[in-house]
Amino acid sequence: MKVQVKHELESTKELVTGADVLINALVEAEVDTIFGYPGGAVLPIYDAIYRSNAPFEHVLSRHEQGSIHAAEGYARVTGKPGVVIATSGPGATNLITGITDAMMDSLPIVVFTGQVANSVIGTDAFQEADVMGITTPITKYNYQVTNLLELPRIIKEAFHIASTGRPGPVVVDIPKNISSELSDAVYDDHFALPGYQPNKNPNPLQITKLMDALSKSSRPLILAGAGVIFANASEKLIAFAEKFQLPVANTLLGLGGFPRSHELSLGMAGMHGSYTANMAIYECDLLINIGARFDDRLTGNLQHFAPLAKVAHIDIDPAEIGKNVSTEIPVVADAKEALIALLATSNEPVDRSAWRDQLTSYKKQYPLWYDRSEAFISPQWLMEQIHDLSKGEAIVTTDVGQHQMWAAQYYAFEKPNRWVTSGGLGTMGFGFPAAIGAQLGAPDDIVISIVGDGGFQMTFQELSVVKEKKLPVKVIIVNNQALGMVRQWQESFYEKRYSESLFMENPDFVKLADSYGVRGMRVEKEKDVPKVLQEALAFDGPVVVDCRVVQQTSVYPMIAPGKGIHEMIGVRK
Amino acid sequence: MRRIITATVQNRSGVLNRITGMLYRRQFNIESISVGASETEGISKMTFVVEIEDHQKLEQLTKQLNKQIDVLKVSDITEKAIVARELALIKVGGSGQLRAEIQGMITPFRASVIDVSRDSLTIQVTGRPDKVEALISLLKPYGIKELTKTGVTAFLRGQQPTQVTELNAFTI
């Protein structure tokens, strides 16, 4: 009976499916790339993609985790929301790591998950998972569509929420009956979010307070986080630092927000940061945090964090202010707007050459160091080579662990949006799929994925994607046949009991790449590194380079767990 | 310290789960929570009683609540002039002589007996939590068979005096 009615309607008016409505809304949101994987509950959506001539590219991953990390890489490099489609149940749950990662690192992601039909939700139907329940704590917001009429509005809201304020992931769960429903309805996509009004402009009173504090300060310091990069505030930050001669330390995720080669740059602060940056935090009398969240890997033991400093904190998310470190001057604002306001004040720079000289002498006395063994490959030296041979201009993605820290230490970033790393969640397997998204988002740039042999084995199935899409991603495996950071901690804090951290078996990565039709290379001696890297970088296509590095190498300097920021170990003159 | 926090929220599906999930995840200890419709359609009102260590944690609580997209307004009304009420249903064992005794005891609390069976009676009491607690402890010796409470619901009094003399933090 119902079918008949629909047939009658079809003959008079054009009916489209809910999935078509979704595709139209994506086109309207100017989506150019979709990362996804089909399945039962998203069949109507994939059918709509097949039928549509929408101007976006669909990237078929080989595991949903690959889709979400690629979307993260895309979002990190372009600043635009990464879009993911996955099916219900296992498709959705395979995204969980990436959604959490995006939440921790504030990446704008819009995820569409299929869901079983409304009539069977709650009955433990085939491939049913409580996506709303599972993703509530790991998303900025999530929706389940219960009425097709709401779909365009929800999609508009989802993109708005994901990409404004402090960015984050939004999940839209679409039951199969909604995506397959035929309708000729006229949609209204206007939305109002009275409970979501991010504040971009700083309170002038707080700006005055900050500038007053600055004029009284003899040892000021800027701590610049990812908020600077999200706000496109890099230039304003440089102008502000230069005008008032303020030294700048970066967080891990803030790297590139301030040029490393700048004379005011102290490099990275935190657990494996530079001695100078950490001592500057310890000794400063005014700490101006711009868009960082005082993560525990940055602060070390909070009791010893910036003990002499008055703290000012500029953040678009008010809940970050005062969360870990009590703050005298809270500035709830977009980093760029706040910096513009700070630059517009009439305050004059104060001479603080003593403080500058002190930091300069720290820089000279306690630089980053490593022991080089020319017979093998020192991983830190390898990073310097990668940096030099790519002229410091590549987009670099990493997993988590030793190679990530070495990349952060030795790949000196000069510009924002070129550093794609899993900071907050610390996700192994992030780097390679993230490089796929980064390369799609920045097709003209060199994208280098520096990964460990452990992490790469978690997501290397995406080699099919680089082959298929002809993406010239350069994968550099920092292969120490171990879970390097776990091994390091076992060496330092568990009396060298290397429990399950050394790989007895690894694949032949060259053959592995070869089996995907991707060029594989191996390098085992320092003297061969420049030639191999040059060849890999010059090659017109994806390359996997298996770099055998010294296993018993540790990342230094380091703030040991529980210690203060001034108690770094492995510092050398 | 014990605080009373109210939140005005959009009545969307999952909103209670969002909020309690966030409180749980961030290790806030909820003593009671009550939710219900407000004067505006589509808007609900929540009242939380929470036990909080210090002011920094309290600030985090209100900020994290405010950060929720469905939350429209958050107020810590602990130090304001407020009306706060909860309702308790208390079933105690008792027959004959005992009933009259209990009846006499609950009268000053303006509580009432709302159900009687052969060997038990159910008392309803409404009021500030300290009053409810007082009645419960008085009834304990008679053997409480069943007890249920709604949790506190509260809002500001119509007029706020310049100086608040009620010390809700200690007495609610």
Side-chain angles (χ1 to χ4, degrees), chain A residues 100 103-104 106 118 121-122 130-147 150 153-154 157-158 160-162 164-166 168-171 173 191-199 293-294 302 311 313 315-327 330 332, chain B residues 1 3 5-30 33 35-48 50 52-76 78:
Chain A
T100 316
M103 184 70 173
M104 290 286 263
S106 312
N118 233 314
I121 288 179
D130 176 12
V131 169
M132 293 298 286
I134 295 169
T135 61
T136 295
I138 55 165
T139 50
K140 193 169 168 187
Y141 202 62
N142 58 5
Y143 296 87
Q144 188 169 66
V145 185
T146 51
N147 180 347
E150 291 179 338
R153 192 206 82 230
I154 286 174
E157 283 185 11
H160 176 73
I161 291 170
T164 55
R166 177 180 180 180
V170 177
V171 167
D173 196 35
F191 68 84
L193 292 165
Y196 177 69
Q197 306 289 331
N199 182 43
R293 62 182 175 87
F294 288 133
L302 280 169
V311 175
H313 189 167
D315 207 304
I316 193 131
D317 179 0
E320 284 304 337
I321 300 175
K323 185 179 81 177
N324 296 334
V325 172
S326 60
T327 300
V332 180
Chain B
M1 52 187 174
R3 310 295 293 189
I5 316 277
T6 61
T8 312
V9 304
Q10 287 197 299
N11 187 10
R12 293 190 179 176
S13 70
V15 63
L16 185 60
N17 179 36
R18 273 176 213 286
I19 289 172
T20 52
M22 182 279 290
L23 295 172
Y24 165 69
R25 183 169 91 77
R26 298 203 181 262
Q27 297 197 304
F28 291 108
N29 187 10
I30 315 170
I33 181 168
V35 195
S38 74
E39 70 282 5
T40 314
E41 203 191 318
I43 305 286
S44 296
K45 199 79 172 271
M46 294 188 177
T47 309
F48 310 91
V50 286
I52 293 241
E53 285 158 46
D54 53 35
H55 278 279
Q56 194 190 347
K57 271 246 164 198
L58 175 63
E59 189 185 300
Q60 260 299 300
L61 173 64
T62 54
K63 282 178 165 179
Q64 291 295 345
L65 283 170
N66 264 314
K67 189 170 161 175
Q68 295 288 321
I69 285 167
D70 289 332
V71 173
L72 303 176
K73 188 168 190 266
V74 179
S75 314
D76 177 356
T78 318

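Lettering follows sequence order; numbering is per chain, from 1. All figures in this text were calculated on a predicted structure; none of them were measured in a lab. For the numbers below, each heavy atom of this structure counts, side chains included, while hydrogens, waters and symmetry mates do not.
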Worksheet, complete the sentence: Most contact-rich option vs chain B, by heavy-atom pairs under 4.5 angstrom, among A:Pro194, A:Gly322, A:Pro198, is A:Pro194
Practice prompt. Kindly assign one of parallel, tilted or perpendicular to the pair A:His160 and A:Phe191, based on the angle between their ring planes and the thresholds 30° and 60°.
Written response: tilted
Worksheet entry | Main-chain N/O of A:Ile161 paired with A:Lys140 side-chain donor or acceptor, under 3.5 Å | yes
Fill in: Side chain B:Asp70, main chain B:Val15, donor-acceptor under 3.5 Å
no
Worksheet item: Does CD belonging to B:Glu41 count more than 12 external heavy atoms closer than 6.0 Å?
Response: no
Worksheet entry | Heavy-atom pairs under 4.5 Å with chain A, option from B:Lys57, B:Gln68, B:Met22, B:Gln60 with the top count | B:Gln60
Worksheet entry | Residue part contacting chain A, namely of B:Arg18, when any heavy atom lies under 4.5 Å | both
Fill in: Proximity breakdown for A:Asp317 and chain B, heavy-atom pairs closer than 4.5 Å
side chain
Worksheet item: Can you list the steps and then say if A:Thr146 with A:Asn118 is a side-chain hydrogen bond (donor to acceptor under 3.5 Å, both in side chains)?
Response: CA-CA 8 Å; A:Thr146 51; A:Asn118 233 314; 5.9 Å; no
Worksheet item: Any idea which of B:Arg25, B:Gln56, B:Gln64 has the most non-hydrogen atom pairs under 4.5 angstrom with chain A?
Response: B:Gln56
Response to the item:
Whatever's closer than 4.5 Å to a heavy atom in chain B on A:Ile321 counts as both
